[in-house]
Amino acid sequence: MNGSSNSGGGTATTAIITQDYYDEVCAENVEVFGLSETESIQETEVQLQNQSSSPLSTITNKGSHATQDHATALFGHLSRTFPASEEGIQERSEIEGFKSDLSSFLDVDDGNDSVALALQRISDRVQEKPVLYLSVLHISKGFSSLVELSTRLWTEWMALPMTDSDASQDRKLESVCEQSMTTIKTLIQEIQKLSSKSVPVFRKRDWMVAFHQSVAAASWKYQNRSATASITNVSPLDTWLNALARQTIAKKGHNSNSNDWNGSIVQDLLLLIYHAVKNFEANKQYFMQAQIQQQPQNGDLQPVSYKLLMNMLDSIIVSSSEGSQMDMNRRLTRSTCRLIACLCTFEPDLIESTPDEGAPPMVSSAHANVMCFHQEEFVFKLHQLIQKLYPKTIDRNNQASTDDAALVNSYVVLALRAMAINNEIVQAVVAVGLLKEARNTLWHVASLSDNDTSENSKEPEGEAGKPKGHDDRIQTLVAVVGLFRNVCANDEVKTSLCIGKEQSIVEPMLVVMNKYPEQASLQEHCCGTMAAMALRKPQNAQFLVQEHQAHLSVLKAMQLHPNRAALQRQGALCLRNLVSRSPQLKAVLVDQAQAGQVLLQIAAQHVSCQDEVYAALRDLGVEGVGIMNVRHDEGTGQVTVEKTQMFGEGLETESVTMSGGSSFRPVYD
């Protein structure tokens, strides 16, 4: 197609329509066919969509949403205004200025004010029109330009000596480095804020893949061409790690409140590293093995990167906890724990990567990463941090506070949850008292004001009307109950959490299930926790059913979220475990609660959890479950559960009936 170019980016190669070609077709539709400006734009986009060689052109007659996705994919990087209009001229000029800012970075001297101004303009444009300018950024390979600029600036900053005589130069260059991080952070935040209604999901994935590949340690090396430093090869991830190390070194040699501890820069560096490793296994593995090159003034060698994170937590533990320093320490702890939770959690890559010929396949390093942090006594450090930073966490017998600062941050709990993968670590969690802190947090949320009703929880994120701190509460609840779900793999711990006089979490967990019924992730974790509690423990099962009617909350969650297969699986496992060693409970679940009907409905909807559903139906004593068959009509899409016809069934005579009997003809020779 004329006026187009080809580009990859994580999806099939697609044709890229240029602004000049778009404008040419627009003008032609006015001059030749006499269309108005608005009609010309509409006709131009219809023409170009029909001409497109992109696989997206197969999207036809599938509703306005699919059409909008197709248009955004093809024209997202263009000014979709009439070229001769005042608005069109201005927007095209702004786009050219945006591209000029991107291409000028490598020609600008380090520390020059024009760099900071260009970065600020890029941030402003992306925030003003995110879809347009993120698309332009992607087409122009802007992520690579920004990441390379950040790498160059930080490399030069780290080459400066850490002495007071160079403080002014240090601060000036550090300020530009900080602006480069702020710009990249703004881009990532805008990508995350875009809903699927405003931009295709695959496009957001492509944008993040472009960022991942720009910072990948193995993808490319930036050659430092500065006259003031020796020529070295350094990757962006290496640079950010060493910049983080230098900030930590500066803190260790000074007072806790010293200005040398630039908390905002450290927080931004942690954020960039987090986004660099999230959903990118190769970067996770590189991070865990990277050796810090930045040397402290006393000559001691810096450790590998994951130990650097532990050193940062140690610095926070011994630092001041007054006023703004407390708030900064909380934010730094949150950022550090989010990074640790990411490193210790299995996540599929955004795109499947093909290993080099002869290289072993990429295997998740999550388990090995957990053991590395465990050797550094992360659980013990986390307990100290919670005691220092969240002193308002209350006991269930005390009066509840409405101050959400009392809630342990969700990322702190997520890091702990990611760590709880074996009995040794679970025992460490119990020994230092972290389960007590988590239990108190659960009680705290359960006893908060009922202003946060289920009606409020139904509202999409960002709508008005939610109580203050609603989203933080939900995130913390999901993390806390997820932690309990993990530690319930230990039989002694789960019995204590279920029927323990002071340790039981059943009551507050059922309270939050009823309080936030529309929160599917929370409901799933609650069902999974009770499923683990009841497994091989009939006394726990009887306590859940007879004392708290927990099965009713489980069935309610399953009925409210019929399309969540993961929740349905945990619900089926819970119902099965409740009766598998307590047959006296079958009548309560089947006759009174109608659990059999709910399970049959699940079997008709979710192939992925049919084994768990059938096992639950069998243990509940539902008749005929061994010969049930799920049929899917590809024409209508309807799924039904039918009894499998056995040999000889349906025969009214020796001949075949016309009313659906078996087609088998018996032979008696």
Side-chain angles (χ1 to χ4, degrees), residues 105 110-111 115-116 119 143 146-163 166-167 169-186 188 211 214-217 220-224 226 228-230 232-254 258-277 283 286-297 300-313 315-316 328 331-332 335-336 338-339 343:
F105 287 146
D110 297 337
V115 173
L119 289 168
F143 269 123
L146 288 169
V147 168
E148 184 170 354
L149 172 68
S150 177
T151 303
R152 180 162 59 92
L153 292 172
W154 279 114
T155 302
E156 294 304 312
W157 177 76
M158 287 184 291
L160 295 175
M162 296 174 62
T163 61
D166 296 301
Q169 185 180 2
D170 187 311
R171 292 288 183 270
K172 183 177 180 180
L173 186 52
E174 184 181 69
S175 176
V176 183
C177 292
E178 187 172 9
Q179 181 62 55
S180 72
M181 288 192 305
T182 300
T183 301
I184 297 173
K185 182 177 69 172
T186 298
I188 294 172
F211 172 70
S214 296
V215 302
W220 59 271
K221 297 286 186 180
Y222 166 71
Q223 189 175 55
N224 181 5
S226 169
T228 60
S230 59
T232 58
N233 286 335
V234 59
S235 73
L237 198 52
D238 282 318
T239 303
W240 293 339
L241 282 170
N242 281 282
L244 189 63
R246 174 154 172 166
Q247 291 287 343
T248 307
I249 293 166
K251 173 164 177 71
K252 292 185 74 174
H254 297 80
S258 170
N259 291 329
D260 287 327
W261 176 248
N262 195 325
S264 61
I265 286 185
V266 172
Q267 190 176 5
D268 284 349
L269 284 167
L270 288 170
L271 180 66
L272 291 185
I273 294 171
Y274 165 77
H275 285 297
V277 301
N283 281 0
Y286 184 87
F287 174 88
M288 293 298 292
Q289 299 168 6
Q291 188 77 34
I292 303 300
Q293 298 173 353
Q294 183 71 31
Q295 297 296 317
Q297 290 176 302
D300 294 339
L301 290 175
Q302 275 292 316
V304 290
S305 54
Y306 72 88
K307 293 186 178 182
L308 175 64
L309 296 181
M310 297 297 97
N311 290 346
M312 287 183 57
L313 295 182
S315 297
I316 295 172
M328 177 56 71
R331 284 187 281 145
L332 290 174
S335 298
T336 305
R338 176 170 60 175
L339 175 56
L343 292 167

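Positions are given from 1 along the sequence.
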**Request:** List in chain and number order the residues that pass ring-ring contact (aromatic ring centres under 6.0 Å, His included) with Tyr306, two or more places apart in sequence or in another chain; answer none if no residue qualifies.
**Result:** Phe373
**Message:** Is it the case that the side chain of Arg331 and the backbone of Gln267 share a donor-acceptor pair, with hydrogens and angles ignored and the cut-off at 3.5 Å?
**Reply:** no
**Asked** Would you call Leu271 and Arg338 a side-chain contact if the rule is heavy atoms closer than 4.5 Å?
**Response** yes
**Prompt:** Which atom pair, heavy atoms only, marks the closest approach of Leu308 to Leu241?
**Reply:** CD2-O, 4.0 Å
**Asked** Ignoring hydrogens and geometry, is there a side-chain-to-backbone donor-acceptor pair from Thr183 to Leu119 under 3.5 Å?
**Response** yes
**Prompt:** Looking only at heavy atoms, which two atoms of Tyr274 and Leu339 are closest? And how far apart?
**Reply:** CA-CD1, 3.8 Å
**Prompt:** Between Phe287 and Leu309, is any pair of side-chain heavy atoms under 4.5 Å apart?
**Reply:** yes
**Inter-residue atom distance Leu270.CG - Trp240.CH2, 0.5 Å rounding** = 12.0 Å
**Request:** Look only at the side chain of Ser335 and the backbone of Leu332, and say whether a donor-acceptor pair between them is shorter than 3.5 Å.
**Result:** no
**Request:** Starting at CG of Asp268, measure out to NZ of Lys185 and round the result to the nearest 0.5 Å.
**Result:** 3.5 Å
**Request:** Report yes if the side chains of Val277 and Tyr286 come closer than 4.5 Å at any heavy-atom pair, otherwise no.
**Result:** no
**Euclidean distance, Arg246 CZ relative to Ile265 CD1, rounded to 0.5 Å** = 10.5 Å
**Complete:** In short, Ala276 meets Leu237 closest at the heavy-atom pair CB-CD1, 4.2 Å
**Asked** side chain to side chain contact (heavy atoms under 4.5 Å, CB included) between Gln179 and Val115: does it pass, once the steps are laid out?
**Response** CA-CA 9 Å; Gln179 181 62 55; Val115 173; over 6 Å; no
**Message:** Could you check whether any side-chain heavy atom of Leu153 comes within less than 4.5 Å of a side-chain heavy atom of Trp157, counting everything from C-beta outward?
**Reply:** no
**Prompt:** Measuring from Cys177:SG to Lys172:NZ, what's the distance to the nearest 0.5 Å?
**Reply:** 12.5 Å
**Asked** Are the side chain of Ser150 and the backbone of Leu146 linked by a donor-acceptor contact shorter than 3.5 Å?
**Response** no
**Prompt:** NE2/His275 to CD1/Ile188 distance, rounded to the nearest 0.5 angstrom?
**Reply:** 4.5 Å
**Request:** Compare every heavy atom of Leu173 with every heavy atom of Glu156, then report the nearest pair and how far apart it is.
**Result:** C-CD2, 3.7 Å
**Sequence-distant partners of Trp154, side-chain hydrogen bond (donor to acceptor under 3.5 Å, both in side chains), two or more places apart** = none
**Complete:** In this structure, CE of Met288 is separated from NZ of Lys307 (nearest 0.5 Å) by 10.5 Å
